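Single-structure report; data block below.
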Amino acid sequence: MSVKQRPVLAGLTLMLVAVLSACGGGADKAGAHGGKGGKSGGYSQPHSDQVRGLYDAVRHLPRKTVKGTRAHMVKSCEPATRKVKHTSRSGSGTRKRTRTWYTTEHYKQCHKVRKGSEKYTRVVRHERWCVRLDDVNGKPRKDDRWFRVSPATYSDVHGKAEHARVKFEPRGRGC
């Protein structure tokens, strides 16, 4: 492609982008996502993950840890040097001259080495708060479903009577 053709190609690309964006493209419309575009005015409604049902039980699983041993790594550094090349140019035309010289740069070369061992605590299971619901989202066949919830939701639900109607946003399914 010659240098003269590049501005022409850039102009055509810009016009194509302008025409396509003016036509709308339809990427944000509900039709592009498989929606019908009914009352929502062509756009999809936000989705809520809230669940509702009858409170059945709660479960709190504490954090589970185990003790372990691993290598204790420490940073070890020793002085090192490297040769650095320098150049300077002078003159012009046919009288150009390049002068080269070398210097020695001092630095520290570091790496980790094992020095003994250390004990540590490893988390096997994180702390979880769970709620079990019956009639999830009004469906009588969906009984005894566990949901992971926040500690605040857990304490709110735990204070209610059995089979009381509750509604919350779970952190996950199962316990």
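Positions are given from 1 along the sequence. It should be emphasised that the depicted structure is a prediction, and the values quoted were computed from it without experimental measurement.
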N/O donor-acceptor pairs under 3.5 Å from side chains in residues 71-85, not counting sequence neighbours:
from : atom 1 : to   : atom 2 : distance (Å)
H72  : ND1    : E118 : OE1    : 3.0
R82  : NE     : E105 : OE1    : 2.8
R82  : NH2    : E105 : OE1    : 3.2

Output a table of donor-acceptor pairs, distance under 3.5 Å, between side-chain atoms of residues 135-142 and any protein atom two or more places apart or on a different chain; print 'none' if there are none.
from : atom 1 : to  : atom 2 : distance (Å)
N137 : OD1    : R52 : N      : 3.2

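A distance of 14.5 Å separates CZ of R114 from NZ of K112, quoted to the nearest 0.5 Å. If you take CG on L61 and CH2 on W129, they are separated by 10.0 Å, rounding to the nearest 0.5 Å. Note: D56 CG to R132 CZ = 4.0 Å, rounded to the nearest 0.5 Å. The CZ atom of R171 sits 13.5 Å away from atom CG of D49, with the distance rounded to the nearest 0.5 Å.
Other residues, nucleotides and ligands contribute over 12 non-hydrogen atoms within 6.0 Å of the NE2 atom of H86. With a 6.0 Å radius and a threshold of 12 heavy atoms from other residues, nucleotides or ligands, R63 has its CZ atom at or below the threshold.
Checked by atom type and distance alone, the side chain of R97 never pairs as donor or acceptor with a backbone atom of G91 at under 3.5 Å.
Checking V131, D156, V166 one by one against V149, the side chain to side chain contact (heavy atoms under 4.5 Å, CB included) holds for a single residue, V131.
For H111, there are no ring-ring contact (aromatic ring centres under 6.0 Å, His included) partners, not counting sequence neighbours. For T104, the side chain to side chain donor-acceptor pair (under 3.5 Å) test picks out no residue, with sequence neighbours left out.
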(request) I would like to know whether V124 and T65 meet side-chain contact (heavy atoms from CB on, under 4.5 Å); could you show each step before the answer? (result) CA-CA 5 Å; V124 177; T65 60; 5.9 Å; no

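Side-chain contact between E127 and H60: present, with at least one pair of heavy atoms (C-beta onward) separated by less than 4.5 Å. Proximity of L54 to L133: side-chain heavy atoms (C-beta onward) are nowhere separated by under 4.5 Å. At a threshold of 4.5 Å between non-hydrogen side-chain atoms, the residues R95 and S90 do not count as touching.
The salt bridge (Lys or Arg N to Asp or Glu O under 4.0 Å) contacts involving residues 7-20 comprise nothing, where partners must be two or more places apart or lie in separate chains. Sorted by first and then second residue, the pairs that involve residues 145-155 and meet side-chain hydrogen bond (donor to acceptor under 3.5 Å, both in side chains), not counting sequence neighbours, are S150-T153.
Annotation for R59 and C175: closest pair CD-SG, 3.9 Å, computed over non-hydrogen atoms.
Transitive grouping of hydrophobic side chains (ILVMFWY, heavy atoms separated by less than 4.5 Å) brings Y55 and V51 into a common cluster.
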